[in-house]
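Here is the structure we will look at, set down as structure tokens.
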Amino acid sequence: MKKALITGVTGQDGSYLAELLLSKGYTVYGMVRRSSAIIKSRLEHLYVEPHEKKARLFLEYGDMAEGLALRKLLSNIQPDEIYNLAAQSHVRISFDQPEYTADVTGVGVLRLLEALRDFSQTSGKAVRFYQASSSEMFGASPPPQSEITPFHPRSPYAVAKVAAFWTTVNYREAYGLHCSNGILFNHESERRGENFVTRKITRAAGRIKVGLQDKLYLGNLEARRDWGYAPDFVEAMWMMLQQEQPDDYVVATGESHSVAEFLDAAFGRLNLDWHAFVETDPCYYRPAEVDSLLGDATKAGRRLGWKPRTTFPDMVRIMVDYDLDQAQRELHSREYGASKT
């Protein structure tokens, strides 16, 4: 039975990856930061108390800002595979918190790889490492973007991801570690954080439909992204670590859509005209914009046999239907509470 460590396990990708690995018979350890309340809502359907015999998902304390804690974690778990998904991952927020973003998203990967190098040397164990790289690294480079496209980052988040990418490559080349970068283009789902534009849209559409919300405020509606479905994309992460040789792969759908097109699909699902509800607010614009991202995943298809299974319309439908159900539940709860007072 393989053991995998997932940093960022409580996020969208972490929860889907944990599901996938558990379905393949792994024991999964998820790293979480110490806080007064661990937010594990995305894992509730997977998690059982560790004292139960059937438990195969365990949450362990750790932090990308603390190298010693990472070393202890690897020593205690002795993983076969490491999936580093931890990051300050919101691009707009990275402009407001550039130092924190650089430390966690960039230098944190160096700390983890140093911990891995030490562990591998002392234990003799060959551990495979996945680094969650991002299409934001391409930034201003014109589409389509592939593994040979130059990086031109346009945010503190993207700059930190570029540093982490090259750190991963360096540890592969310098120390012979099995380290792979997955350059994932935008991937969304009903588990996406509510402050990301896609989930912000689908959640607002549902709430507007049932009367819980009147307006939605967004930034650049002309920005174009290559949007895929997160469960499809985490499968590519696992595939990379099953290869004999480590490498770097773009993971994308090969289709590009604007924010306005996403609005068309989401509000159209509920027979609403988004123009009546959406306004732009300059506070949501980035100081340096990324106009268009479109991935070329030919290499992943050829080497890994990976391809996306969920279409753009299906992804939007899944998200909108989920958020409409959530809005209806919220409305019912409010009405029920009002009836009791």
Side-chain angles (χ1 to χ4, degrees), residues 4-15 17-18 28-35 38-40 42 59-77 79 81-121 127-137 139 151 153-175 177-184 193 195-196 234 237 240-241 246 248:
L5 168 64
I6 304 174
T7 69
V9 72
T10 58
Q12 169 190 254
D13 291 5
S15 66
L17 181 60
V28 177
Y29 295 83
M31 189 182 84
V32 294
R33 286 178 294 170
R34 178 70 180 92
S35 68
I38 298 174
I39 301 174
K40 57 177 189 290
R42 297 181 178 99
L59 302 181
E60 304 286 344
Y61 290 122
D63 199 308
M64 297 298 287
E66 188 179 354
L68 179 59
L70 296 173
R71 283 173 162 79
K72 288 181 178 179
L73 199 60
L74 298 193
S75 178
N76 291 339
I77 295 173
E81 298 172 0
I82 299 172
Y83 296 85
N84 181 42
L85 312 183
Q88 189 302 99
S89 60
H90 197 284
V91 176
R92 181 60 189 85
I93 291 173
S94 75
F95 286 99
D96 300 323
Q97 296 184 307
E99 291 184 37
Y100 175 76
T101 301
D103 185 46
V104 173
T105 307
V107 181
V109 179
L110 174 63
R111 295 187 186 103
L112 183 54
L113 283 168
E114 266 296 282
L116 172 58
R117 183 170 73 92
D118 287 350
F119 172 71
S120 295
Q121 288 179 343
V127 182
R128 300 188 174 191
F129 178 87
Y130 170 84
Q131 167 58 21
S133 292
S134 169
S135 60
E136 288 287 333
M137 301 187 304
F151 297 141
R154 298 271 286 170
S155 66
Y157 167 77
V159 170
K161 281 292 188 180
V162 169
F165 174 93
W166 286 117
T167 300
T168 302
V169 172
N170 181 245
Y171 273 66
R172 180 171 73 213
E173 296 177 349
Y175 304 115
L177 297 177
H178 194 294
C179 299
S180 296
N181 281 290
I183 309 173
L184 271 58
N195 60 343
F196 287 84
V234 299
M237 301 177 186
M240 290 179 207
L241 295 201
D248 308 316

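- Among residues at least two apart or in separate chains, side chain to side chain donor-acceptor pair (under 3.5 Å) pairs with a member in residues 109-119 are R71-D118, D103-R111, E114-R117, E114-Y171.
- Within 6.0 Å of the CD atom in E99, the count of heavy atoms belonging to other residues, nucleotides or ligands does not exceed 12.
- The minimum heavy-atom distance between S89 and Y157, with the atom names listed, is CA-CE1, 3.6 Å.
- The distance from atom CG of L110 to atom CG of N170, rounded to the nearest 0.5 Å, is 9.0 Å.
- Here the straight-line distance linking atom CD1 of I6 with atom CG of L17 works out to 4.0 Å at 0.5 Å rounding.
- Shown here for A86 and M64, the closest heavy-atom pair between the two residues is CB-CG, 3.7 Å.
- When all heavy atoms of R42 and T10 are compared, the pair lying nearest together is NH1-O, 2.9 Å.
- Taking the side-chain contact (heavy atoms from CB on, under 4.5 Å) definition, one finds that T168 meets it with V109, L113, F129, Q131, C179, N181, sequence neighbours left out.
- Atom-to-atom distance recorded for Y83:OH and T7:OG1 is 12.0 Å, nearest 0.5 angstrom.
- A distance-only check finds no donor-acceptor pair linking the side chain of K161 to the backbone of S135 [under 3.5 Å].
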Criterion side-chain contact (heavy atoms from CB on, under 4.5 Å) on M237 and L241, from CA distance to verdict: CA-CA 7 Å; M237 301 177 186; L241 295 201; over 6 Å; no
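- In plain terms, the two heavy atoms of H90 and N195 that are nearest each other are NE2-O, 2.9 Å.
- In this structure, V159 and P153 approach most closely via the heavy-atom pair N-CB, 3.7 Å.
- Here the CD atom belonging to E60 is positioned 11.5 Å from the CG atom belonging to L74, to the nearest 0.5 angstrom.
- Going from atom CG of L73 over to atom CE of M31 covers 7.0 Å, rounded to the nearest 0.5 Å.
- Between the S94 side chain and the V91 main chain, a donor and an acceptor come within less than 3.5 Å of each other.
- Nearest heavy atoms, A18 versus V9: CB-CG2, 4.4 Å.
- Separation of atoms CZ (F119) and CD1 (I82) is listed at 8.0 Å; rounding is to 0.5 Å.
- By the side chain to side chain donor-acceptor pair (under 3.5 Å) test, R172 is found to be paired with D248, residues two or more places apart in sequence or in another chain being considered.
- A distance-only check finds a donor-acceptor pair linking the side chain of T105 to the backbone of Q88 [under 3.5 Å].
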